[in-house]
A.B. asks: 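My questions will all concern the structure given below.
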Amino acid sequence: MQKEISTISVQPTVAAVPVELASKREKISAHQVCAFFGQNQALKNISLSIPEHSVVAIIGPSGCGKSTFLRSVNRMHEMIPESRITGTLTLDGEDIYQMDAVQVRRRIGMVFQKPNPFPTMSIADNVSAGLRMNGMRDRRRIEEIVERSLRQAALWNEVKDSLFKGGMSLSGGQQQRLCIARALAVSPDVLLMDEPASALDPISTAKIEELMYELKKDYTIVIVTHNMQQAARVSDRTAFFYMGELIEYDGTKKIFTMPSKKQTEEYITGRFG
Amino acid sequence: MFRYRKIKSTALYALCVASVLLALIPLLLIFYRTLSFGFTALNLDFFTQLPKPVGESGGGLANAIVGTMILVGIGCCLSLPVGILSGIYLSEYGQNVFGTSVRFLTDVLSGVPSIVTGVVAYTLVVIPMKHFSAYAGGVALAILMIPTITRTTEEMMKTVPHSYREAALALGISEWKTTLRIILRTSLGGVVTGVMLAIARAAGETAPLLFTALNNRFWHTTLDQPIASLTVFIYNYGVSPFDDWIAQAWAGALVLMLMILLLSIAVRFATRKRYHEH
Amino acid sequence: MTSTTQTNYGDTIFRNLTRAFAFLILLLIVFMVYEMYRTSASSIEKFGWSFLTRSVWDPVQEEYGALPFIYGTLVSSAVALVIAVPLSVGVAIFLSELAPAWLERPVSFFVELLAGIPSIVYGVWGFFVMVPWMRTTVEPLLSDHLGFIPLFRGAPYGVGMLSAGVILSIMILPIIASISRDVLKAVPRVQKEAALALGGTRWEATRIGLSYARSGIMGATILGLGRVLGETMAVTMVIGNRPAISASLFDPAYTMASVLANEFTEATTDMYLSALVEIALVLFVITIIVNSFARLLVWSVTRKNQAGRV
Ligand SMILES: Nc1ncnc2c1ncn2[C@@H]1O[C@H](COP(=O)(O)OP(=O)(O)OP(=O)(O)O)[C@@H](O)[C@H]1O
Ligand SMILES: [Mg+2]
């Protein structure tokens, strides 16, 4: 787990999709989920099941509801005024919307499209923010977790001598990995990533993809991406959303080689309006 | 025809330039007079000595300088909680009728003449206590400071990008902690600016102190008695017939202006440093 | 299921705490009015509305009327606006149309600085520098050349309505100018460019900008008015403090704010105090009306134009 990842080696994942997906325990399940912004329905009856220790990619054209789905899972959707949600979402069999929202978010971390480290905090403080603000005082323990999280996010080597510099002093790619470390520090079970690499250069992107491969040993990851190759490389399963509906959800290899729906095929081959 | 319009255009712009000059001259004169008269009367005694009785020359306004600080301090103690918390309300939860009316009333309150806040503090504190006091002065200043603090807190918190709030909430940090420790913390530089502006304004106020804090030629011993302030001393000395006192009034005006200048520069500095900590 | 938002205890407490403090501001204003009303009750009862129209002010006979003070406040404010508004607009045009971009920051800093100069400093300067100059130079000059107008007739006292107006105009000029500049800057470029494209001169383009900015400048002016109405120290030191209504601007006068400043500590009887507090109440009501009006105007303008906040 504490292994450093320093070389860039993009996994040829498509070929290496684990086949025994079905045998994994279900981590998150969505049943008939509908999400609304006022009158506007952004999600229509989404039902899908996300297995533990796997990476699920969500793809689809812009505005199809990918982010909305992620944000329904960790209850960020309800923070938007006039928003509404129906259906059932469970985490380990427990209804997410019956739990305390703060508890849900502690168990389901999120990484956003644009890196957003807290501007007034140092690198170390950024990573430990979630812990400190939930009342952890033990400095030693915090330091340990900061180091562990930064290592997991493959950032430790780059920042270990400048832990007390501002988080904003890092490059975009480093900032995004800092945000990943920050999300990992509170030890979630699930990590939601909304286009985590879309603002990054190829090298940073490769690092983050590689990271996901490492992280799925301990976490369940749901990633939204516009990059088809990326979805193919990193994920075990892929869901294709279109106009707020789940069109197809299957093993990544199957989706990218022989999709069963015409819309999916058109989208992944780029023949899409 | 076009030539005529051209000339008219130039002439009118010339008028604009003239109005700039006309507007600048008195302001520069005020600076110049205060500096030149002020400096000649300024010495170390001014900052360390008590006022001398009529007829004796020398002395200073040490008690008045300290008094101003104490009055502003009391004003801060009262206005900071109200200003900052109500500012938080307006920025976080204030998108409703109640929020709009509070916002509007805050703006209205900021236009209330300072002398009126003095009258209110008088009826509120001086009449029940039956004597003038530092508390009464502090209350008057607090009423003046609240609107500035409220509105800057609100405006500054609103400038914090939404993504920081989302990041914090997604970490499982509760809303109120996010508000205080992420949003308020991130906008702190701006909030401090607002507070400093309010302090600068309060420190320069005379009218609300005239009949609340009154004045005191000696060191105050407790806060429930009259207390000296720089501004009231400037006024009393300025309209007095004694050259010595008039000179000290100029010196006081200079000190006051320098204090406010320093505050504004500090504010500039504070806001510039905002994102470069550690 | 769905959306059973279990709010955190802490969140509820915090929200209500901040709401309570916001409510406190509302309460404060109501309370201020109530306090002043209560304290001025005996004067209100005794004089009724005639308080506003009587011009006696006699603490010995306990006869009070606020007319000279209301008159002084209104006229000195009017003089201030007559001087300050055209100059401010000129300055604003200069800053928004003619001044190079690098001037912007120093100018805004300067304006900020000026807004921070305490009124007592203006007062001291006015008292020692401006008033003598008015007496020896400006007022004789005016009465020589414009003496046919009653406004500029009479003995040059130095202290008086004109001096008050001048010092007030100096004080509000930076504020009106800077808001007007913001408003002018917010005028859509296309409007001006259209005028230029049609072969207009630069000034004609500016005029179009001005017509767009008119209500914003109006708002700035009323905001400035709100400030001068209650200005105390500077006025008290230069207006001469005599409760008289006189046609000449050279004559000493009195304003609501200055009578409070001068006589409040001398108010030995209850009726005297009550009358003074009633003056404060009148001043308060007038400034609230003026400020509300200005705010509404500025709000509606900024909402329409998306011009930065004022
Ligand atoms: N804050 C909001 N208020 C109102 N409607 C919204 C809001 N956010 C999203 N929507 C609507 O919900 C629908 C889904 O949006 P969502 O952000 O989930 O799309 P997306 O698939 O993530 O798109 P993208 O790839 O561009 O990020 C869109 O039609 C959008 O118009
Ligand atoms: Mg999205």
Side-chain angles (χ1 to χ4, degrees), chain A residues 67 70-71 73-82 100-135 162-169 178-179 182-188 191-194, chain B residues 84 88-100 103 152-195 267 269-278:
Chain A
S67 302
L70 280 201
R71 295 164 58 87
V73 173
N74 71 342
R75 294 189 58 172
M76 293 294 284
H77 179 67
E78 70 198 40
M79 302 308 295
I80 293 165
E82 312 223 331
D100 179 32
V102 170
Q103 292 305 324
V104 171
R105 295 184 193 129
R106 233 172 277 178
R107 286 170 62 185
I108 306 180
M110 187 163 195
V111 177
F112 298 83
Q113 180 170 358
K114 264 177 50 198
N116 52 4
F118 300 129
T120 53
M121 293 184 194
S122 68
I123 293 173
D125 285 349
N126 255 289
V127 178
S128 61
L131 299 171
R132 285 182 293 116
M133 289 183 200
N134 281 315
S162 54
L163 284 177
F164 298 102
K165 272 211 207 150
M168 298 300 252
S169 65
L178 176 62
C179 292
R182 181 175 66 184
L184 295 177
V186 290
S187 314
L191 205 53
L192 308 174
M193 303 174 114
D194 194 349
Chain B
I84 293 199
I88 291 175
Y89 178 82
L90 290 182
S91 98
E92 299 300 298
Y93 315 107
Q95 307 311 322
N96 49 30
V97 178
F98 176 61
T100 310
R103 204 169 287 127
T152 19
T153 303
E154 181 196 357
E155 298 291 342
M156 290 303 146
M157 285 180 69
K158 276 184 174 166
T159 62
V160 177
H162 199 60
S163 60
Y164 297 135
R165 160 188 308 279
E166 296 210 313
L169 290 176
L171 283 176
I173 298 170
S174 57
E175 272 180 67
W176 71 275
K177 277 185 186 158
T178 301
T179 302
L180 278 184
R181 299 186 59 178
I182 305 290
I183 313 289
L184 185 61
R185 179 66 192 80
T186 305
S187 56
L188 202 61
V191 174
V192 169
T193 311
V195 173
V267 162
F269 197 65
T271 41
R272 192 161 303 169
K273 250 185 68 181
R274 181 153 23 147
Y275 288 106
H276 303 284
E277 296 185 2
H278 299 288

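Here is the naming used below: chain letters follow the sequence lines, and residue numbers restart at 1 for every chain.
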A.B. asks: With a 4.5 angstrom heavy-atom cut-off, is it the side chain or the backbone of L169(B) that approaches chain A, or both, or neither?
C.D. replies: both
A.B. asks: Any idea which of M110(A), M76(A), R107(A), Q103(A) has the most non-hydrogen atom pairs under 4.5 angstrom with chain B?
C.D. replies: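 Ranked by contacts with chain B, first place is M76(A).
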A.B. asks: Quick one: what part of M79(A) sits under 4.5 Å from any heavy atom of chain B, side chain, backbone, both or neither?
C.D. replies: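 For M79(A), the contact with chain B is made by the side chain alone.
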A.B. asks: How far apart are the C-alpha atoms of Y89(B) and F98(B), what are their side-chain angles, what is the distance that settles it, and do they pass the ring pair (Phe, Tyr, Trp, His ring centres under 6.0 Å) test?
C.D. replies: CA-CA 10 Å; Y89(B) 178 82; F98(B) 176 61; 5.6 Å; yes
A.B. asks: R71(A): what forms a side-chain hydrogen bond (donor to acceptor under 3.5 Å, both in side chains) with it, not counting sequence neighbours?
C.D. replies: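 Result, side-chain hydrogen bond (donor to acceptor under 3.5 Å, both in side chains) vs R71(A): E166(B).
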A.B. asks: Using non-hydrogen atoms and a 4.5 Å limit, figure out which bit of V102(A) sits close to chain B: side chain, backbone, both or neither.
C.D. replies: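 For V102(A), heavy atoms of backbone and side chain both lie under 4.5 Å from chain B.
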A.B. asks: Okay, side chain of D194(A), backbone of Q113(A): is any donor-acceptor separation there less than 3.5 Å?
C.D. replies: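 Pair absent, no side-chain N/O of D194(A) close to backbone of Q113(A).
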A.B. asks: Check side-chain hydrogen bond (donor to acceptor under 3.5 Å, both in side chains) between N116(A) and all other residues, then give those that pass, not counting sequence neighbours.
C.D. replies: R182(A)
A.B. asks: With only heavy atoms counted, which part of P188(A) is less than 4.5 Å from chain B, the side chain, the backbone, both or neither?
C.D. replies: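 Contact with chain B: none, neither part.
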A.B. asks: So with a 6.0 Å cut-off around NZ of K158(B), is the heavy-atom count from everything else above 12?
C.D. replies: yes
A.B. asks: Looking at chain B, which one of N134(A), V111(A), L131(A) has the largest number of heavy-atom pairs inside 4.5 Å, strictly under?
C.D. replies: N134(A)
